[in-house]
Amino acid sequence: KYPETFEETFYGLDFGFNHPTALIEINIKDDEIYLRELIYQSKLTNSDLIDLMKELNIPKYADIYADAAEPQRIQEICQAGFNAKPANKSVKDGIDFVKRFRIYSNPQNVNVNKEVLSYSYKRDKNGNTIDEPIKILDDALDASRYAIFTHLKDRFIDRKEKREIGLLDEVNLRALAEAFMEMKYEYIQNNNLENYIAGIAKRLNLKMTEAKQLEEFVRENYNYWGK
């Protein structure tokens, strides 16, 4: 069962005509990924695609990571008011990165699930599997990879570097405490405490578990108004 709310939502778009155009919604909750298949249809012109995106009420501010090989189509989608941008299409790096996450796909994602079941890799002349996927029936998975890799890779790398220096030991917790209190005060002032931990986690580039650890540290060590 998918969560009722998510911390972050963005989109992946793989263009097609004879093969399907795929638009996949990517949702994040506690560093886990939930996919939602929105469009999976052949013979779509760009005008058709834009009309469908409007019918689906895709937020105009949302990041949409699209096939970088089609700059003209990306430009047309931007001109229609959407926040489309070219994706990093690296296949091997993208696949390796996506494998690091727990990813969920519900039964309604008919084509996503079909592609997952049929996904396979090439073999060399000796019959050994090589690290190169067979490029067939992969439109929805390509769209998902574009979005996940492009949107999250820099954040993940930054987080890894911070882990290596022990970000959440006591010294670093104290270094982040003031920023946490200031951010929570902003949420209180704006009367917007719903999902404030997720918002602070994003702004400080932390996992949810780290943000919660930081809040607990502040509660225990500081006499502040956010208790």
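Applying the 6.0 Å contact sphere to CD of Glu32 captures more than 12 heavy atoms from other residues, nucleotides or ligands.
Residue Ile77 comes nearest to Ala84 through the heavy atom pair CG2-CB, 3.8 Å, listed as atom of the first residue, atom of the second, then distance. Closest of all the heavy-atom pairs between Glu37 and Val110 is OE1-N, 3.5 Å. When every heavy atom of Pro59 is checked against every heavy atom of Phe82, the shortest pair comes out as O-CD2, 4.4 Å. Pro86 approaches Ala68 most closely through the heavy-atom pair CB-CB, 3.8 Å. The two residues Ala201 and Ala211 come nearest to each other via the heavy atoms CB-CB, 3.7 Å. Among all heavy-atom pairs drawn from Tyr187 and Gly199, the shortest one is OH-CA, 3.3 Å.
Scanning for salt bridge (charged side-chain N to carboxylate O under 4.0 Å, His left out) contacts around Lys202 gives Glu8, with sequence neighbours left out. Contacts of Phe6 classified as ring-ring contact (aromatic ring centres under 6.0 Å, His included), with partners at least two apart in sequence or in another chain: Tyr34. For Phe149, the ring-ring contact (aromatic ring centres under 6.0 Å, His included) criterion is met by Phe97, not counting sequence neighbours. For Lys29, the salt bridge (charged side-chain N to carboxylate O under 4.0 Å, His left out) criterion is met by no residue, not counting sequence neighbours. Under the rule for a salt bridge (charged side-chain N to carboxylate O under 4.0 Å, His left out), Arg73 has no partner lying at least two apart in sequence or in another chain.
Identified under the side-chain hydrogen bond (donor to acceptor under 3.5 Å, both in side chains) test for residues 47-62, with sequence neighbours left out: Thr45-Asp48.
Side-chain atoms of Asn109 do not come within 3.5 Å of backbone N or O of Ser105 as any donor-acceptor pair. Side-chain atoms of Tyr2 come within 3.5 Å of backbone atoms of Tyr104 as a donor-acceptor pair (strictly under, hydrogens ignored). With hydrogens and angles ignored, the 3.5 Å screen pairs no side-chain donor or acceptor of Glu7 with any backbone N or O of Ala198. Remark: side-chain polar atoms of Arg219 are not paired, donor with acceptor, to backbone N or O of Leu214 under 3.5 angstrom. No donor-acceptor pair closer than 3.5 Å links the side chain of Thr21 to the backbone N or O of Leu44.
You'll find the side chain of Leu152 reaches within 4.5 Å of the side chain of Phe101, heavy atoms only. A 4.5 Å side-chain heavy-atom check between Asn18 and Lys43 finds at least one atom pair inside the cut-off. Using a 4.5 Å cut-off on side-chain heavy atoms (C-beta onward), Ile24 and Val112 make contact. The shortest distance between side-chain heavy atoms of Phe10 and Asn27 does not fall below 4.5 Å. Ile33 places a side-chain heavy atom less than 4.5 Å from the side chain of Ile148.
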Q.
Please determine whether side chain to side chain donor-acceptor pair (under 3.5 Å) holds for the pair Glu115 and Tyr40, giving the CA-CA distance in whole Å, both sets of side-chain angles, and the decisive distance to 0.1 Å.
A. CA-CA 12 Å; Glu115 289 189 8; Tyr40 193 92; 2.7 Å; yes
(Q) Pair Thr9, Ile28 - check side-chain contact (heavy atoms from CB on, under 4.5 Å), show working. (A) CA-CA 6 Å; Thr9 298; Ile28 307 293; over 6 Å; no
Q: Just do the side chain to side chain donor-acceptor pair (under 3.5 Å) check on Lys1 and Asn106 with the steps written out, would you?
A: CA-CA 8 Å; Lys1 184 179 178 181; Asn106 64 29; over 6 Å; no
Q. What's the verdict on side-chain contact (heavy atoms from CB on, under 4.5 Å) for Glu25 and Leu35, showing C-alpha distance, side-chain angles and the deciding distance?
A. CA-CA 6 Å; Glu25 182 181 281; Leu35 304 181; over 6 Å; no
Q.
Is there a side-chain contact (heavy atoms from CB on, under 4.5 Å) between Met208 and Asp31? Walk through the geometry before answering.
A. CA-CA 8 Å; Met208 283 292 292; Asp31 289 331; 5.8 Å; no
Q.
As a quick check of understanding, evaluate side chain to side chain donor-acceptor pair (under 3.5 Å) for Tyr146 and Asn88, giving each step before the final call.
A. CA-CA 6 Å; Tyr146 296 162; Asn88 185 322; over 6 Å; no
Q: Could you check Ile26 against Ser144 for side-chain contact (heavy atoms from CB on, under 4.5 Å), going step by step and ending with a plain yes or no?
A: CA-CA 7 Å; Ile26 314 293; Ser144 302; 4.3 Å; yes
(Q) Does Arg203 form a salt bridge (charged side-chain N to carboxylate O under 4.0 Å, His left out) with Glu186? I'd like the steps, not just the answer. (A) CA-CA 13 Å; Arg203 291 168 69 182; Glu186 290 177 15; 3.1 Å; yes
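Side-chain heavy atoms closer than 4.5 Å link hydrophobic residues (I, L, V, M, F, W, Y) into clusters, and following such links, even through other members, never connects Ile74 to Phe17. Transitive grouping of hydrophobic side chains (ILVMFWY, heavy atoms separated by less than 4.5 Å) brings Leu38 and Ile50 into a common cluster.
Note that CG of Asp139 is 11.0 Å distant from CG of Leu13, once rounded to the nearest 0.5 Å. Note: Glu210 CD to Glu215 CD = 14.5 Å, rounded to the nearest 0.5 Å. A distance of 12.0 Å separates CD1 of Ile39 from CG of Asp14, quoted to the nearest 0.5 Å. Note that CG of Leu56 and CG of Leu23 are 7.0 Å apart. Values are rounded to the nearest 0.5 Å. Between Ile64 atom CD1 and Asn83 atom CG the span is 7.0 Å, to the nearest 0.5 Å. The CZ atom of Phe180 lies 10.0 Å from the CG atom of Leu206; values are rounded to the nearest 0.5 Å.
Here Glu216 does not pair with Lys212 in a salt bridge; the nearest charged N to carboxylate O distance is not below 4.0 Å.
Of the candidates His151, Lys85, Arg145, His151 is the only one forming a side chain to side chain donor-acceptor pair (under 3.5 Å) with Tyr65.
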